[in-house]
Amino acid sequence: MVPASTKGAGVSDPIIRIQQLEKSFGPLRVLDGLSFDVQPGEKLALIGPSGSGKTTILRMLMTLETISGGRIEVCGEPLYHMQRGGREVPADEAHLHHMRRHIGMVFQHFNLFPHKSVLDNITLAPMLTKGEPRAKAEAHAMELLDMVGLAEKARAMPSQLSGGQKQRVAIARALALKPRIMLFDEVTSALDPELVEEVLLVMKRLAAETDMTMLLVTHEMGFAHEFADRVLFFDKGRIIEQGPPEQIFTHPTHERTQTFLRKIIAAGHRV
Amino acid sequence: MEWDWTFAAEITPVLLEGLKLTLLITLLSAIVAAVLGLVFAVARRAQSPWVARPVTFLVEFIRGTPLLVQLYFIFYVLPGAGILLPPLVAGVIGMGLHYATYTAEVYRAGIENVARGQWEAARATNLTTRQTWAHVILPQAVPPMIPALANYLIALFKETPLLSAITVLEMMNQAKLVANSSYRYIEPMTLVGVFFLAMSLVSVVLLRWLEHRFGRLAK
């Protein structure tokens, strides 16, 4: 396996540290001893064929899946373990709740709350989980809607929006909790081609304007190239190759990376 | 046997008294069934098998035995264990509990119809389990099930005569008393049927309206 971090040791403490991570679904082993670090503010693109475990990593970071073995640390604290009586024990729901505040996620299928207006989608969690007063939560939500270019849709219901608009609202919803880490799980895969660009534009601005750490699972190689500081190529639950986008996309050294990129280009994706 | 209008008019006030009680019992039992059914449905989904299993067993047990037997049990057997309930209370508990096992199934289906992504989005926005139920899952799950719940309300209403078996003076019991003392059955029983039919027809109209209103909303 390639060394975990491409950046020099001691730059700063990693914001995410994944060590010997294992994940099985029944008899199917998805991740088998995966390790890598992510530095604060880093923009990471996870690429690779379907079933290579990329999405599973994001879902484990968001605590939507349990881990089968190994360890994840987020912001210096173990995610799935906690201290009790001087020993490390599996995390309980309270610990997971405490840890989740660091992390936000945007889903392939948006998962907006269909019974709530755009504005209420964004203010719900800040009001419930942080006790923000409505006025403050709404003011912040309007700022975020402005940033994603949907201020005029604040009162609309999700069903009245296009896919691209829904996804921009979903991004605003995740940002409303001010996470330090944002996870983007194939956020443009469910969109009509002409709606992809508006979502990518929002993400580019976000990447340029904030120092949030971002992990992106995508099949948009062109976007990964532009967006990421570092690209990880996954196959069968392992990192086959990683490095800056120029290196991965123009001079991939590993044969499997080359094959994957050739196939993606043949399938009509932009690189 | 001749239909006697004078007798019919004479007994109507007594039967209407019974109807009032029937409606009250229906309302109270429906509230018990609606609330307890939701508790059953949520409890059966609990992570802990110590909660989910006993509740599942209880629900299947209640649904698998006749309401009349349960009513007898609550009213005539429990006093032996020192639990003495007035007929009305026993009736509301019995009917509410019995129908709760049916509404629980309606809730279960409604809850399972909420997309998995909604649970995940709630988790990703760090809502607690309780907040997820209250603000994300139930507001989406309940409206589409309202017509099905209203259906059980009508069924429950029509089963209230069973409570005459535990001495509740609802409409059917009043009619029986009238019949037993006057030896005339045709007027009291016909009137009971007519009153039930009238109420059911109103409920059916209401149900159609609910289906229209919330069926659309569900889409």
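To find a chain, count down the sequence lines: A is the first, B the second, and so on, and within it residues start at 1.
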Residue [X] versus chain B: region with a heavy atom under 4.5 Å:
X	value
A/Leu112	backbone
A/Glu93	side chain
A/Phe107	side chain
A/His97	both
A/Ile103	backbone
A/Thr63	both

Taking atom [atom1] of [X] as the centre, report whether more than 12 heavy atoms of other residues, nucleotides or ligands fall under 6.0 Å from it.
X	atom1	value
A/Lys130	NZ	yes
A/Arg134	CZ	no
A/Lys204	NZ	yes
A/Glu209	CD	yes
A/Arg180	CZ	no
B/Tyr76	OH	yes
A/Phe25	CZ	yes

Legend entry - Residue, of A/Leu177, A/Leu128, A/Leu183, A/Leu96, that accumulates the most heavy atom pairs under 4.5 Å with chain B: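 Of the options given, most contacts go to A/Leu128.
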Inset, instruction - Flag the pair B/Arg123 and A/Glu65 as a salt bridge only when some basic side-chain nitrogen lies within less than 4.0 angstrom of an acidic carboxylate oxygen. - result: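 Looking at A/Glu65 together with B/Arg123, the answer is no, because their closest N to O distance does not fall below 4.0 Å.
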Inset, instruction - Without swapping roles, check the side chain of B/His135 against the backbone of A/Ala125 for a donor-acceptor pair under 3.5 Å. - result: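 Side chain of B/His135 to backbone of A/Ala125, a donor-acceptor pair under 3.5 Å: no, none is there.
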Inset, instruction - Heavy atoms only: give me the nearest B/Gly117-A/Asn111 pair and the separation to one decimal. - result: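 Answer, listing the atom of B/Gly117 first, then A/Asn111: O-ND2, 3.2 Å.
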Legend entry - Close side-chain approach of A/Leu124 and B/Gln131, heavy atoms under 4.5 Å: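 Contact flag for A/Leu124/B/Gln131 side chains = no.
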Inset, instruction - Check whether any side-chain heavy atom of A/Lys116 sits under 4.5 Å from a side-chain heavy atom of B/Pro139, and report yes or no. - result: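 In short, these two side chains do not touch, never coming nearer than 4.5 Å.
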Legend entry - B/Leu127 side, atom CG; A/Phe113 side, atom CZ - distance, nearest 0.5 Å: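 Nearest 0.5 Å value for the CG-CZ distance: 5.5 Å.
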Legend entry - Spacing of A/Met62 atom CE and B/Asn126 atom CG [to the nearest 0.5 Å]: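 The CE atom of A/Met62 sits 6.5 Å away from the CG atom of B/Asn126.
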